[in-house]
2 protein chains.
Amino acid sequence: MKAIVDEQIPNREKCLSNVNAIRDALFVLNGKWKLPLIFTLLERSQRFNEIQQSVQGITPKILSKELKDLEENGFVKRCVYPTTPVTVIYEITPYSDTLKSVLHELYLWGTQHRDMIRESMRKKKDVS
Amino acid sequence: MKAIVDEQIPNREKCLSNVNAIRDALFVLNGKWKLPLIFTLLERSQRFNEIQQSVQGITPKILSKELKDLEENGFVKRCVYPTTPVTVIYEITPYSDTLKSVLHELYLWGTQHRDMIRESMRKKKDVS
DNA sequence: CCGGATCCGCCTAGATACTG
DNA sequence: CAGTATCTAGGCGGATCCGG
């Protein structure tokens, strides 16, 4: 935090660009299905209907849209094989590995934060 | 990524809890105003109307709600001084420092990703 | 089999006005 | 000054049906 902030205080331009970079990162991971999809495709490449099986509750429309998003962001490759009918396989790209540290940090902080919240809830309850 | 994934494949329970921890982290930072508010309060503690000045375009209702969110998550402390009329100062808590590494990673990855996207856009344009 | 098209309900952000 | 109250709008996710 300190490091980022120190850079930001001098001028507002840079601060905004920092915020925007962070927001971009948050944005591409956001939504109900992005993470489940990435994780299921990390296990193995799959076809459309397979993915729908793996990720419980997602509808074709949303799946289609989410896969398109992931493809545009370079996380997923859509491979079409000219069988009859065509076979479409979705696979994770090596670029997804760049997410490693972000996801790890998010996981660590999220876990820690959950414990913190739970603890503060408990204290509140004790008082009341 | 690899580290997280390796832990996840064995059982689905743990995978889901990982995803949820990450989602929690994403959730508390998400939205249009959370980051701008955190950053402006990092510069200095401020009163309600001051914040509204600092963060361009936010309406009182939204500001009120967002501050409440930030307070519940432990990032912001609401200090009421019994003047007449009351003075309310919002200040950043030390707990916000725990965001340091997450935000830094998000910033790094977001910047990198933006460059990547821009580059791939350029290539597309060259072809067409 | 792999989606696209259409319609719909909900949630939430925002605008505006107002109050203790 | 520090918010609330009320209303509106739009975007997202979901359900359902349709087509190559």
Are OP1 or OP2 of dT4(D) and a side-chain N or O of Ser64(B) less than 4.0 angstrom apart?
->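 The answer is yes; a side-chain N or O of Ser64(B) sits under 4.0 Å from OP1 or OP2.
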
Can you find a side chain N or O atom of Arg47(A) that sits less than 4.0 Å from OP1 or OP2 on dC1(C)?
->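 False: Arg47(A) side-chain N/O out of range (4.0 Å or more) of dC1(C) OP1/OP2.
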
Looking at every non-hydrogen atom in both residues, tell me the closest pair between [X] and [Y] and how far apart they are.
| X | Y | value |
| --- | --- | --- |
| Leu42(A) | Ile92(A) | N-CG1, 3.7 Å |
| Ser101(B) | Glu105(A) | CB-OE1, 3.5 Å |
| Arg114(B) | Ala21(A) | NH2-N, 3.4 Å |
| Gly74(B) | Thr93(B) | O-OG1, 2.5 Å |

Under-4.0 Å salt bridge between [X] and [Y]:
| X | Y | value |
| --- | --- | --- |
| Glu50(A) | Arg44(A) | yes |
| Glu119(B) | Arg122(B) | yes |
| Arg118(A) | Asp115(A) | yes |
| Asp97(A) | Lys100(A) | no |

Is there a donor-acceptor contact under 3.5 Å from the side chain of Thr40(B) to the main chain of Pro36(B)?
->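 The answer is no, because no donor-acceptor pair under 3.5 Å joins these two groups.
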
Common cluster, Ile38(A)/Leu108(A), ILVMFWY with side-chain heavy-atom separation under 4.5 Å =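 Per the 4.5 Å side-chain linkage, Ile38(A) and Leu108(A) are co-clustered.
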
Round to the nearest Å and state the distance from [X] atom [atom1] to [N] atom [atom2].
| X | N | atom1 | atom2 | answer |
| --- | --- | --- | --- | --- |
| Gln52(A) | dC1(C) | CD | P | 11 Å |
| Ile51(B) | dA2(D) | CD1 | C1' | 11 Å |
| Gln56(A) | dG14(D) | CD | P | 13 Å |
| Leu63(B) | dA2(D) | CG | C1' | 10 Å |
| Gln53(A) | dG3(C) | CD | C1' | 16 Å |
| Gln46(B) | dC1(D) | CD | P | 14 Å |
| Ile58(A) | dC12(D) | CD1 | P | 15 Å |

Touch check for Asn49(A), heavy atoms < 4.0 angstrom, all strands: base, sugar-phosphate only, or nothing?
-> sugar-phosphate

Let me check something: any side-chain donor-acceptor pairs from residues 26-35 of chain B under 3.5 Å, sequence neighbours excluded? List them with distances.
residue  : atom : partner  : partner atom : Å
Asn30(B) : OD1  : Asn30(A) : ND2          : 3.4
Asn30(B) : ND2  : Asn30(A) : OD1          : 3.4
Lys34(B) : NZ   : Asn30(B) : O            : 3.3

Heavy atom of residues 73-81 of chain B under 4.0 Å from DNA chain D: which residues?
-> Arg78(B)

Most 5' of Thr59(B) and Glu50(A) on DNA chain C, judged by nearest nucleotide |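 On the 5' side of the pair lies Glu50(A).
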
Listed pairs, N/O of protein and of nucleotides 6-12 of chain C, under 3.5 Å:
residue : atom : partner  : partner atom : Å
dT6(C)  : O4   : Lys61(A) : NZ           : 3.3

Determine the interplanar angle of the Tyr90(A) and Phe48(A) rings, folded into 0 to 90°, and report it as parallel if under 30°, tilted if 30 to 60°, perpendicular if over 60°.
->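 Aromatic pair Tyr90(A)/Phe48(A) classed tilted.
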
Closest of dC2(C), dG14(C), dG3(D) to the Tyr90(B) side chain is dG3(D)

Given dG14(C), dA2(D), dG3(C), the nucleotide with the shortest approach to the side chain of Ile62(B) = dG14(C)

Which residues satisfy the side-chain contact (heavy atoms from CB on, under 4.5 Å) test with Ile117(B), sequence neighbours excluded?
-> Asn73(A), His113(B), Met121(B)

Once you build an axis from the first five pairs and another from the last five of the helix from dC1(C)-dG20(D) to dG20(C)-dC1(D), how far apart in angle are they, to 10 degrees?
-> 40°

Under 4.0 Å from any atom of DNA chain C, heavy atoms only: list the residues of residues 27-36 of chain B that qualify, in numerical order.
->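 Going residue by residue through residues 27-36 of chain B, the ones with a heavy atom under 4.0 Å of DNA chain C turn out to be Lys32(B), Trp33(B).
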
Do we see a donor-acceptor contact under 3.5 Å between the side chains of Trp109(A) and Thr98(B)?
-> yes

